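Data first, discussion second: the structure below is written as structure tokens.
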Amino acid sequence: ECFLSNILFLPLVVFPLCPGRPSFFFLFSFSSGCAIIRPPRDGGIRYRGLTQEQIRSVQILPVDYEIEYICRGNRVIVGPKVRKCLPNGTWTDIAQHSRCCKIRIRIPLFSRKKKLYIGALFPMSGGWPGGQACMPSAQMALDLVNNRSDILPDYELELIHYDSMCDPGEATKLLYDLLYTEPIKIVLMPGCSGVSTLVAEAARMWNLIVLSYGSSSPALSNRQRFPTFFRTHPSATLHNPTRVQLFQKWKWTRIATIQQTTEVFTSTLDDLEQRTKEAGIEISVRQSFLTDPAVAVKNLKRQDARIIVGLFYETEARKVFCEVFKEKLYGKKYVWFLIGWYADNWFKIKDPAINCTVENMTEAVEGHVTTEIVMLNPETVRGVSNMTSQEFIAALMSRLGGMNPEETGGFQEAPLAYDAVWALALALNKTVAPLKAKGRRLEDFNYNNHDITSEIYRALNTSSFEGVSGQVVFDAQGSRMAMTLIEQLQGGSYKKIGYYDSSQKNLSWFGNDVWIGAGPPADRTVVIEEYRFLSQKLFAAVSVFAGLGILLGIVCLTFNIYNGNVRYIQNSQPYLNNMTAVGCMMALAAVFPLGIDGHHVHRSQFPVVCQFRLWLLGLGFSLAYGSMFTKIWWVHTLFTKKDEKKEKKKQHLEPWKLYATVGVLLAIDFLSLMIWQIVDPLHITVEKFTKEAPKEDLDVLIQPLLEHCSSEKMNTWLGVVYGYKGLLLLLGIFLAYETKSVSTEKINDHRAVGMAIYNVAVLCLITAPVTMILSSQQDASFAFASLAIVFSAYITLVVLFVPKMRRLITRGEWQSEQQDTLKTGSSTNNNDEEKSRQLERENRELQKIIQEVRNITYVTLNTHRHISVITQHAHLNTRDFDVLRNSCEVCALS
């Protein structure tokens, strides 16, 4: 046994009394390594990096290999604890024995207090150097607790602490030392979420309670993973209800996030995403980075992030805002939400990791908003430590020795570390009586004692007291419940602008928030939708031409109907010409709905306008072009075959065949349009163009929109219609060319029809593809389409009807059909007209001769009959008159 004498505030004196033989017993000794040695009695050896199977099979360990002695129970190593293999094949300190000895502490009668040890990890450096203020605060609380006679009167709390540097890797080594180095620790107190995660997950294996003063990771609220974890620092998720409340207050529905890739920030962001989704707020951009935030910040700029939530430690915050300054991601258009537990001057601290000046950083961070858990009681009340929050700050400043609070890491969290020690002391004090009833004492705790751990857990779980940070209460997950403070950086210093109580959903607003612009910025670039409408001047001008064309069509139709009994008009197939005039007027009428858009009618009425466009233009084309195509078709059919040309000329052209042909073309169009509208009706679609920035310095973009008449398979339908119409146009051109030299009195205006077909076909074949290409340019598209319609209609009406009007007006041929039979002409050609006049004169001379020879011979009678037939039909040519004249001369000679 080893007896330890302890006088209060004096070092312990150890008297080792260890029976047994020395712990080293060499099996072999080689120059290339060291033989395995035997462990001490009541102890063992830890072989670093070797498994149990390797230990059993290996007999020699390499040079520089280290072994470590460990002891069972409450025994300690007396002698060297670690030995190292030397090149000569021996172990270090081989002359000194290592033994496991029990420790017996003799306490003088005047000192009855037993020590309870707390293992703490304070980050004095790293991402969050919170230990700079939290360690003095915790030590201050320990001093007060140890001087209290009503709290743990038989015990004294002592703090054993290390610097974790806020690094889980470093914390792993320190945790090992805490657990395997005497004395036994009754509680562990880590800081930093990453370190606390590691410690809390391992602590349950040693039946240790973990009480953290500076861990905000939401992942630590998992009771299945961390069953013995408590924290006086609220979970980071407590910031999220406050953030969502502010988003709603300022009417933001689109935010962006950027986070450092650590578990605490990832789990916080996951919780924020869930809460914003429930509130109808969209997280449009989510960026993360490990060490360099440059790319993430550029992505925020490129994706037009305006309201940005930043989750990262203080050192990374300086890197982020240096990039923010470079990308100009600050100012009146942007609002940043940061964590509130940074030092107040965090952006003024010189950092060799960034290349921005203090002025640059100050400019970039101006106006940002922080949400911070209320860590210092704003009310002047004395809590369980008999100290107000103001007195606590004064005492802490005195202990820090004049250090600047703004440059001291963890100064804001210091009240949490202070209250954590008080929460632990009160919980341990509460367990004394229940343990005594069970025959147990706190000093009996070891890492295998689950009963004492359970009592401490119950006491902490039911804690409720007034501390310097406010009311200290733990929820079911062991997290502190508290209010949230909202601050804004105004003029380089933080100003309180409100509080939010998430449990009561109560926002206390001071109304002193300040913005660089006129107010809170928009959550995105304001996009103003602006419809592009047709130029009204262009529409009016074309409409005038279309209206005049319709009047011209009415005049032509009236003229054709009124003079329908004139032989010249009858020989031009007036009913087909009437159809052409009506078709032209319908096509011209289609110009009006073609120019009507959202400027004239409501959006709901636009599909009706689309239907008018389609039907008027489609049926108008079928009537106008179909009637002209019919004329050319039948002229070509009857008069272009040489073998049958003479026979065909003698045939009579039946009008019903012409009307039937037009009817077939019209029926095809009607059926195709009807099927189109039933299967895939036209509806309004909106085309979006590239956003445009206005000339003024406004935070807006113009989104040009253009309405179109379309259907689901618009291209398919247009392909069918354009293909069919295109073939008709090409065929019409071919037929017009083939019949250009044909002369017939049955359709006496076929040459004019051919000329009209040439013009219509060329205009249509050019305009159709051009308008499809220019469909996104409303003015150009309308101009091409409407002018093509107007010119086609004008050309058709002028070519077909104006020559007829001119002939009838200039020659005075307004007589009825009976009067006209004596002197009509059948050809529009000038030579034919001259021949007709000559024929009339010779006809009158022949009538006189016939009167003189009426009573002569049988031949004279036959000749007389021929002359009567000729006079009745009034269609003679010069050669016929010569024959008759010769016959008459023969008769006279006879």
Side-chain angles (χ1 to χ4, degrees), residues 542-564 568-569 571-592 594 616-636 658-659 661-662 665-666 669 725-737 739-740 747-768 771 784-808 828:
V542 176
S543 297
V544 170
F545 281 106
L548 293 176
I550 293 174
L551 290 177
L552 177 61
I554 293 172
V555 171
C556 293
L557 181 63
T558 304
F559 164 79
N560 213 47
I561 294 173
Y562 180 77
N563 295 285
Y568 180 67
I569 300 299
N571 288 342
S572 66
Q573 300 298 328
Y575 289 108
L576 292 182
N577 290 340
N578 292 343
M579 293 181 188
T580 302
V582 172
C584 289
M585 287 189 289
M586 291 178 65
L588 289 168
V591 170
F592 299 104
L594 196 64
L616 282 175
L617 192 55
L619 296 181
F621 179 86
S622 296
L623 278 174
Y625 184 79
S627 58
M628 292 191 296
F629 178 82
T630 298
K631 287 185 179 183
I632 289 295
W633 172 266
W634 281 105
V635 170
H636 181 271
L658 301 175
Y659 307 148
T661 305
V662 177
L665 296 176
L666 194 61
D669 270 0
K725 301 287 187 184
L727 290 176
L728 280 182
L729 291 171
L730 293 175
L731 184 57
I733 293 175
F734 171 76
L735 296 177
Y737 178 79
T739 59
K740 68 180 185 299
I747 302 178
N748 59 14
D749 60 352
H750 71 278
R751 290 197 180 96
V753 170
M755 183 61 66
I757 287 177
Y758 287 144
N759 289 278
V760 172
V762 170
L763 286 172
C764 291
L765 292 174
I766 293 175
T767 304
T771 53
F784 265 92
S786 59
L787 291 178
I789 294 171
V790 170
F791 287 152
S792 298
Y794 269 83
I795 291 171
T796 301
L797 293 174
V798 169
V799 168
L800 287 184
F801 293 97
V802 171
K804 295 181 177 62
M805 295 180 183
R806 177 174 172 275
R807 176 185 173 90
L808 269 63
T828 58

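Predicted model, so just to flag it, every value in this text is computed and none were measured. Position 1 is the first residue of the sequence, and the numbers go up from there.
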Steps toward side-chain contact (heavy atoms from CB on, under 4.5 Å) verdict (Met628, Leu576): CA-CA 7 Å; Met628 292 191 296; Leu576 292 182; over 6 Å; no

Hey, mind stepping through Phe545 and Ile789 against side-chain contact (heavy atoms from CB on, under 4.5 Å) and telling me if it holds? CA-CA 10 Å; Phe545 281 106; Ile789 294 171; over 6 Å; no

Mind running side-chain contact (heavy atoms from CB on, under 4.5 Å) on Lys804 and Cys556 for me, showing each step along the way? CA-CA 10 Å; Lys804 295 181 177 62; Cys556 293; over 6 Å; no

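Heavy atoms only, all atoms of each residue included: Met579 and Ser627 are closest at CB-CB, 4.1 Å. Here the closest heavy-atom approach between residue Ser543 and residue Phe592 is recorded as CB-CE2, 3.6 Å. Nearest heavy-atom pair, Ala785 versus Leu594, reported as atom, atom and distance to 0.1 Å: CB-CD2, 3.8 Å.
Under the 3.5 Å distance criterion, the side-chain polar atoms of Asn759 are left unmatched by any main-chain donor or acceptor of Ile795.
A distance of 13.0 Å separates OH of Tyr625 from SG of Cys584, quoted to the nearest 0.5 Å. The CG atom of Leu729 sits 9.0 Å away from atom CD1 of Ile757, with the distance rounded to the nearest 0.5 Å. To the nearest 0.5 angstrom, Arg807 atom CZ is 12.5 Å from Asn563 atom CG. Leu617 contributes atom CG, which lies 8.5 Å from atom CZ of Phe621 (distance to the nearest 0.5 angstrom). Distance check: Leu557 CG to Ile550 CD1 gives 13.0 Å after rounding to the nearest 0.5 Å. Rounded to the nearest 0.5 Å, atoms CG (Leu797) and CG (Leu551) are 11.5 Å apart.
Residue Tyr575 places its OH atom among 12 or fewer non-hydrogen atoms of other residues, nucleotides or ligands, all under 6.0 Å distant.
Within the 4.5 Å cutoff, side-chain heavy atoms of Leu666 are placed close to those of Leu623.
No hydrogens or angles considered: a donor-acceptor pair under 3.5 Å links the side chains of Lys631 and Asn577.
Each of Val753, Val760, Leu665 was checked for a side chain to side chain contact (heavy atoms under 4.5 Å, CB included) with Phe629, and the lone residue meeting it is Leu665.
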